[in-house]
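Have a look at the structure below, then the notes.
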Protein chains: 2
Amino acid sequence: METKHLVVLGESFGGLTFCQTFNHPLARVTLVDRQNHQLFQPLLYQVATAGLSAPEIAQPIRSILSNRPNVTVLLDNAVGFNLVEKKILLEKNTLTYDYLVLALGGVTGYFGRPEWEQFAPGLKSLDDALRIRRRILLAFEKAENETNPAKRDPLMTIVVVGGGPTGVELAGAFAELARHVLKSDFRRIDPAQARIILIEASPRVLSHLPPQLSASAQRQLEKLGVEVRTGTKVRNITQGRVELEDGQVIEAENIVWAAGVLANPLTQKLGVELDRGGRVKVKPDLSMPGHPEVFAIGDMALVPDAEGKPVPGVSPAAMQMAKHVARIIRDELAFGPARSERPAFKYWDKGTMATIGRSAAVAKIGRLEFNSWLAWVAWLFVHLIFLIGFRNKLAVLLQWAYSYVAYKRGARIVTGLSDEARLKR
Amino acid sequence: METKHLVVLGESFGGLTFCQTFNHPLARVTLVDRQNHQLFQPLLYQVATAGLSAPEIAQPIRSILSNRPNVTVLLDNAVGFNLVEKKILLEKNTLTYDYLVLALGGVTGYFGRPEWEQFAPGLKSLDDALRIRRRILLAFEKAENETNPAKRDPLMTIVVVGGGPTGVELAGAFAELARHVLKSDFRRIDPAQARIILIEASPRVLSHLPPQLSASAQRQLEKLGVEVRTGTKVRNITQGRVELEDGQVIEAENIVWAAGVLANPLTQKLGVELDRGGRVKVKPDLSMPGHPEVFAIGDMALVPDAEGKPVPGVSPAAMQMAKHVARIIRDELAFGPARSERPAFKYWDKGTMATIGRSAAVAKIGRLEFNSWLAWVAWLFVHLIFLIGFRNKLAVLLQWAYSYVAYKRGARIVTGLSDEARLKR
């Protein structure tokens, strides 16, 4: 039997899990991604808020897969498909596949207002996180240099749009940064006077959790000094200005967007039916309608769960999908195409959690609900366990222990200034 | 007695040491710098070679000085002086001083060929290091994607110009990266086939050390696979091409410049006599001729040692100068201007060392000379001790231990790609 070629697009949680799980002597796998690293998205907000450094939540993809000789990694960008001839067009290459796994993840979505991106950056990549870190830290530096109080206030205002887990975690971490970490480091301004405003369109933050946990999360945020505005919609965003639906205007040097996720726009080139978020409406086995050799997983796929609701775009779901697809392909290579229907994907919800700050978090695991320190400890452990790489686990544990004891943050470093300066030229 | 205002330009080793040493109830200090962090230069090459992450060798300057309420930190850029009126012009402010300490350090010098910089970047800032790291890692990725061997070879060639400590340390670390760290991570190329070429104009590397240590360093480099070319001058550098004085041409995707240091070009605005490297020819007390209230220290000052040779531009020298100036100013504030000459600065040479790789280094401490592992262990300890911040010490120790045991590097992460892409647009 000839060797089969599997192409995996994207080294997201799903793509990487697939490469780590799948193994068959008669198959070789090519993993294609634009980045050289696997990023641990759940801790990305800690890079943006100067708690962790970029390499601590990222691992070189080649290093993770070095013990998988049947996996080739290519740093390249997919630009199109020819599903009939089973080809993918990359910027530098064209690959022919027997099986294709789409795992490119999501991008920040602006609800049809892409022009807001320049004023309110999202948080999807390490570059995004480093840019937000730089701008937030520089805003306090500018405020220290500013003698006009009217100009100083917007510099010390941070608006976070979107009260999902990322928005809540960002707002909490910004508040701690201003109130505790930076407290005694300035002479002219008082960073504790900084305003952190969290805006959420729906009636409560963390709306995927039960109402009492949302309420607890809001209380914990307010205790940290975050102004939480639920039921509040954004009408427009321009440079340093957020205009709300009720006409109110907030001036803020830093506006961070944590409101929407869209599937990677490459799905639009597939020529298949997509949902509003650009996700592929896959069959129960996660394959694309009409193309049993093409699978979409993670944030690229719209999959209904047992109750008919879409499986949420979280990393455990992507990893479960990857394992499901790996099993299907392995079985077909071992035993030939299935005679009956392929097995349907079943999502197992392991629970959900969000951290708000020091000893503050909410979690729902099965029917159990936690808030405050027990949820926080659970959050720490779960994230450490899933972080890839022993070195990263140890480094992050060290940073957290240090931050907890010293009330400092290890990555308060502004880099990329010279690149920004070159951009302005 | 009225409060005196001291302005320190630059948070180099010298500037920071001054702020940490100087203390007088009747003085306030303003520290001005473009960066928000103090950078531990001696380990910068490890960031460029993916061994350490940027925040591990940098500390927020405000955090270091948060327990010094008489020190104000301003993130700003000095653009000019008015020495007669004792004023400094910053981009956003003008400061009036009673004493001025110039500690802006050095910049990369290209021996009158500034156009080489775009093809052969130097290594002075974190941004420089992150850019070199990105380009080196991407070159191997491009090579993996390249099917034409003639195009592949230059991608796997790194030229380091300059055989001083930085050049030797870079070349050794690049060789280890290619030969050991990346060894099993590629499928089409063999990173161990990469060429690392170290070019030095003078007859031997590390020419500030005794000849037998230079010879030992060269042997250790060659054992790692570095091609060492001493007595070799560069005639011209263009994109991906180094032309040597003998007409030979080396094609290399990455050329790193480690050959020259100039004083910060701001010295040219002082209107005083400078040496060829742009350094201020200070008086024995480190003050500027004609301006006893202005001092230059570190890489900005030309100071003769006991034998009449210039004090080398190393961090221990800068720190000793800072302490000397702090003592002079404190004494004058306490007892009034000295009736006799101010004391002259005396440089105490604590020794010098350079690391080449795993268990490979050379060191000269007093009359003692070391090579191989004893020098290497000494190098590790000295650098850990002088690294500022308990968290950084621990984090770097952890990284080193991990690299030693696992033969991996923790910071093989490409960031800033999107900034580069925006630059190209």
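Everything numeric here is computed off the predicted structure, so don't read it as measured data. Below, chains carry the letters A, B, ... as their sequence lines are ordered, and counting in each starts from 1.
- Partners of A/His5 according to the side-chain hydrogen bond (donor to acceptor under 3.5 Å, both in side chains) rule, which considers only residues two or more places apart in sequence or in another chain, are A/Thr30.
- More than 12 heavy atoms of other residues, nucleotides or ligands sit less than 6.0 Å from atom NZ of A/Lys124.
- Interface residue B/Leu394: backbone and side-chain heavy atoms are both found under 4.5 Å from chain A.
- Separating the OG1 atom in A/Thr147 from the CG atom in B/Asn93 is a distance of 7.5 Å, to the nearest 0.5 Å.
- A salt bridge between A/Lys92 and B/Glu146 is absent, with no side-chain N of the basic residue lying under 4.0 Å from a carboxylate O of the acidic one.
- Interface check for chain B: of the options A/Thr72, A/Asn67, A/Leu52, A/Leu126, the most heavy-atom pairs under 4.5 Å are formed by A/Thr72.
- For B/Arg133, the part lying near chain A is the side chain, with the backbone staying farther off; criterion is any non-hydrogen pair under 4.5 Å.
- The two residues A/Asn36 and B/Glu141 have their closest heavy-atom pair at CB-OE2, 4.2 Å.
- In this structure, CG in A/Leu74 is found 5.0 Å from CG in B/Asn145, a value given to the nearest 0.5 Å.
- Contact tally against chain A (heavy-atom pairs below 4.5 Å) for B/Ala58, B/Ala395, B/Ala401, B/Ser63: the top residue is B/Ser63.
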Taking distance alone, no hydrogens or angles, what donor-acceptor pairs closer than 3.5 Å link side-chain atoms of residues 185-194 of chain A to residues at least two apart or in another chain?
unit_1	atom_1	unit_2	atom_2	d
A/Asp185	OD2	A/Arg412	NH1	3.0
A/Asp185	OD2	A/Arg412	NH2	3.0
A/Arg187	NE	B/Pro69	O	3.4
A/Arg187	NE	B/Val71	O	2.9
A/Arg187	NH1	A/Ser184	O	3.1
A/Arg187	NH2	B/Leu65	O	3.2
A/Arg187	NH2	B/Arg68	O	3.2
A/Arg188	NH1	A/Glu144	O	3.3
A/Asp190	OD1	A/Ala192	N	3.0
A/Asp190	OD2	A/Gln193	NE2	3.4

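- More than 12 heavy atoms of other residues, nucleotides or ligands lie within 6.0 Å of NZ in B/Lys393, so this atom counts as buried by the packing criterion.
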